[in-house]
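Quick caveat: nothing in here was measured; it's all calculated off a predicted structure.
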Amino acid sequence: MEGIAFSPSNNFNWYPQIHPIKTLIPIPFRFCNYKTNNPNQSLLSFSINSSKTTQTPITQPPPLVVVGSANADIYVEIDRLPTEGETISAKNGQTLAGGKGANQATCGAKLSYPTYFVGQVGDDAHGKLITQALGNGGVRLEYLKSLGGGVPTGHAVVMLQSNGQNSIIIVGGANMSSWPDKLSDQDLDVVKNAGIVLLQREIPDSVNIQVAKAAKGAGVTVIMDAGGMDAPMPQELLKFVDIFSPNESELRRLTGMPTDNFEQISQAAAKCHKMGVKQVLVKLGAKGSALFIEGEEPITQPIIPAAQVVDTTGAGDTFTASFAVALVEGKSKRECLNFAAAAASLCVQVKGAIPSMPDRKSILNLLQSV
């Protein structure tokens, strides 16, 4: 995303809403039901001190669960992209943790919202780099698996130009390898007990379908980020998705329709509605964003340029995850768009996807200053 910014609202109240809870009869490890939009949904928690008859329940909202990719992003800083057959020198290079799933999970955790990441890394240096970065960011890692057998951690080559724009080549590695044909009950349980689930297309579609189906069956909202593999979107996956979030080029590729202006984008979003997705959240880069809800007028989000565009690599992931957190906290769709745009505006001002994820306080300060 380029030149990210937002339009302010006069009625913001961006402090997390704690969901009311219902406490069950205490047992050695106490379980608590947290009220969500799904009456059959509960979130597992426990207290260590169970010897007292009077106990204070743990007040934690149902989590954000991100199922997706984790990559080691190999950055090379260049003045321009090489032409065919040309070799050029990079000004600098470094390796940072990234991947769309890991980016989104870190964003949720940096916003002080309980966030779990379900994914896979290799048993190698890159895997350790990612695990450490996610843990330092506050992400819960009980469902992150380290694969043996020589399966490498996924990685990406990020060619970062001096204007902040990038081109990326992805090597799937553990993100695309050795997933079980059927996900474990443990993995699906955390999905069913989520407040909201985020998916992307840097892991196999078969995994996304299982997760989306389990979430949908439990009444959990599913947001599908269209970024990742360049392949048709399976209809079986779309029917379990509540909010589909492409950028302009992804929307054009997946619908086969032009997206050069807002009217064309609206028509492409309408095609997504016919494919079974009722809400389409389109990231429009320098033109902002728009949410197309079937049967309603689009909600548009104008932008103002960021103070400085350093690196746009994680901006789309920041936008999507911030939107998800605001949504699960009960904000209106327009407020969600404003919050997400503010988060993305801060993100592009720092190099590296995970290092650039803003915290809630920074976003609130930005919203109050405009």
Would you kindly confirm whether [X] and [Y] end up in one hydrophobic cluster when ILVMFWY residues are joined by side chain heavy atoms under 4.5 Å apart?
X      : Y      : value
Ile209 : Leu199 : yes
Met233 : Val241 : yes
Val151 : Val118 : no
Leu183 : Val222 : yes
Ile354 : Leu160 : no

Exercise for the section: Begin with the C-alpha distance, continue with both residues' side-chain angles, and end with the deciding distance and a verdict on side-chain contact (heavy atoms from CB on, under 4.5 Å) for Thr106 and Phe117. Expected result: CA-CA 9 Å; Thr106 303; Phe117 178 61; over 6 Å; no

Are any of the side-chain heavy atoms of [X] and [Y] separated by less than 4.5 Å?
X      : Y      : result
Asp317 : Phe319 : no
Met229 : Glu202 : no
Pro204 : Met176 : yes
Lys182 : Gln210 : yes
Leu144 : Thr131 : yes
Thr320 : Leu198 : yes
Lys91  : Ser162 : yes
Leu281 : Met224 : no

Practice task
Could I get the full list of ring pair (Phe, Tyr, Trp, His ring centres under 6.0 Å) partners for Tyr143, not counting sequence neighbours?
Solution key: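 So Tyr143 forms a ring pair (Phe, Tyr, Trp, His ring centres under 6.0 Å) with Tyr116.
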
Problem - With sequence neighbours excluded, residues passing ring pair (Phe, Tyr, Trp, His ring centres under 6.0 Å) with Phe292 - result: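 Phe292 satisfies ring pair (Phe, Tyr, Trp, His ring centres under 6.0 Å) with Phe262 once adjacent residues are dropped.
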
Looking only at non-hydrogen atoms, find the nearest pair between [X] and [Y] and report the distance.
X      : Y      : result
Met357 : Lys110 : O-NZ, 2.7 Å
Leu147 : Ser177 : CD1-O, 3.8 Å
Gln161 : Arg80  : OE1-CA, 3.9 Å
Leu188 : Ala214 : CD2-CB, 3.9 Å
Ser178 : Gln120 : O-OE1, 3.7 Å
Thr221 : Asp242 : CA-OD2, 3.3 Å

Exercise for the section: Only counting residues at least two apart or in another chain, list the ones meeting side-chain contact (heavy atoms from CB on, under 4.5 Å) with Lys239. Expected result: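 So Lys239 forms a side-chain contact (heavy atoms from CB on, under 4.5 Å) with Glu236.
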
Practice task
State which residues pass side-chain contact (heavy atoms from CB on, under 4.5 Å) with Met275; sequence neighbours excluded, sorted by chain then number.
Solution key: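 So Met275 forms a side-chain contact (heavy atoms from CB on, under 4.5 Å) with Gln235, Leu238, Lys271.
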
Problem - Worked check of side-chain hydrogen bond (donor to acceptor under 3.5 Å, both in side chains) between Thr312 and Asn166 - result: CA-CA 7 Å; Thr312 61; Asn166 60 67; 3.0 Å; yes

Counting only N and O atoms by type, is there a donor-acceptor contact under 3.5 Å from the side chain of [X] to the main-chain atoms of [Y]?
X      : Y      : value
Thr255 : Leu251 : yes
Thr115 : Tyr113 : yes
Lys283 : Ser245 : yes
Gln267 : Gln264 : no
Ser322 : Ala340 : no
Arg201 : Asp230 : no
Glu250 : Asn247 : yes

Atom pair [atom1]/[atom2] of [X] and [Y] - distance to nearest 0.5 Å:
X      : Y      : atom1 : atom2 : value
Asp311 : Gln165 : CG    : CD    : 9.0 Å
Leu237 : Asn208 : CG    : CG    : 5.5 Å
Leu64  : Leu111 : CG    : CG    : 9.5 Å
Asp79  : Ile88  : CG    : CD1   : 8.0 Å
Asn103 : Ser69  : CG    : OG    : 7.5 Å
Leu96  : Thr313 : CG    : OG1   : 9.5 Å

Problem - Criterion side chain to side chain contact (heavy atoms under 4.5 Å, CB included) against Lys331, the qualifying member of Arg334, Lys333, Glu335 - result: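 Testing Lys331 for a side chain to side chain contact (heavy atoms under 4.5 Å, CB included) against Arg334, Lys333, Glu335 leaves exactly one candidate, Glu335.
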
Problem - Candidate list Asp123, Thr153, Ile130, test side chain to side chain contact (heavy atoms under 4.5 Å, CB included), partner Ser146, passing option - result: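 Single side chain to side chain contact (heavy atoms under 4.5 Å, CB included) partner of Ser146 among Asp123, Thr153, Ile130: Asp123.
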
Handout entry: With Glu294 via side-chain hydrogen bond (donor to acceptor under 3.5 Å, both in side chains) - residues at least two apart
Key =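 Partners of Glu294 by the side-chain hydrogen bond (donor to acceptor under 3.5 Å, both in side chains) criterion, ordered by chain and then number, come out as Lys278.
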
Handout entry: Those residues that, when tested against Asp359, pass side-chain hydrogen bond (donor to acceptor under 3.5 Å, both in side chains) (two or more places apart)
Key =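 Listed in chain order: Ser362.
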
Handout entry: Carboxylate-amine/guanidinium contact Glu248 Arg253, below 4.0 Å
Key =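 A salt bridge is absent here (no side-chain N lies under 4.0 Å from a carboxylate O).
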
Problem - Electrostatic pair Lys128-Asp124, nearest N-O below 4.0 angstrom - result: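 Asp124 and Lys128: not salt-bridged.
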
Practice task
Assess whether salt bridge (charged side-chain N to carboxylate O under 4.0 Å, His left out) is satisfied between Glu142 and Arg140, documenting all intermediate values.
Solution key: CA-CA 6 Å; Glu142 290 90 332; Arg140 299 293 299 270; 2.4 Å; yes

Practice task
Show your reasoning for whether side-chain hydrogen bond (donor to acceptor under 3.5 Å, both in side chains) applies to Ser266 and Glu263.
Solution key: CA-CA 5 Å; Ser266 299; Glu263 179 60 30; 5.1 Å; no

Exercise for the section: Walk me through it: do Asp187 and Lys145 pass the test salt bridge (charged side-chain N to carboxylate O under 4.0 Å, His left out)? Expected result: CA-CA 11 Å; Asp187 287 340; Lys145 295 179 176 63; 2.9 Å; yes

Exercise for the section: Answer yes or no: does atom CG of Asn261 have more than 12 heavy-atom neighbours from other residues, nucleotides or ligands under 6.0 Å? Expected result: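 Above 12, so yes.
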
Practice task
Let me see the working for Ile299 and Leu337 under side-chain contact (heavy atoms from CB on, under 4.5 Å), right down to the final yes or no.
Solution key: CA-CA 9 Å; Ile299 305 173; Leu337 287 171; 3.5 Å; yes

Handout entry: side-chain contact (heavy atoms from CB on, under 4.5 Å) between Asn71 and Asn175, intermediate numbers included
Key = CA-CA 8 Å; Asn71 288 328; Asn175 296 315; 2.7 Å; yes

Handout entry: Test log, rule side-chain contact (heavy atoms from CB on, under 4.5 Å), inputs Tyr75 and Thr95
Key = CA-CA 6 Å; Tyr75 276 79; Thr95 301; over 6 Å; no

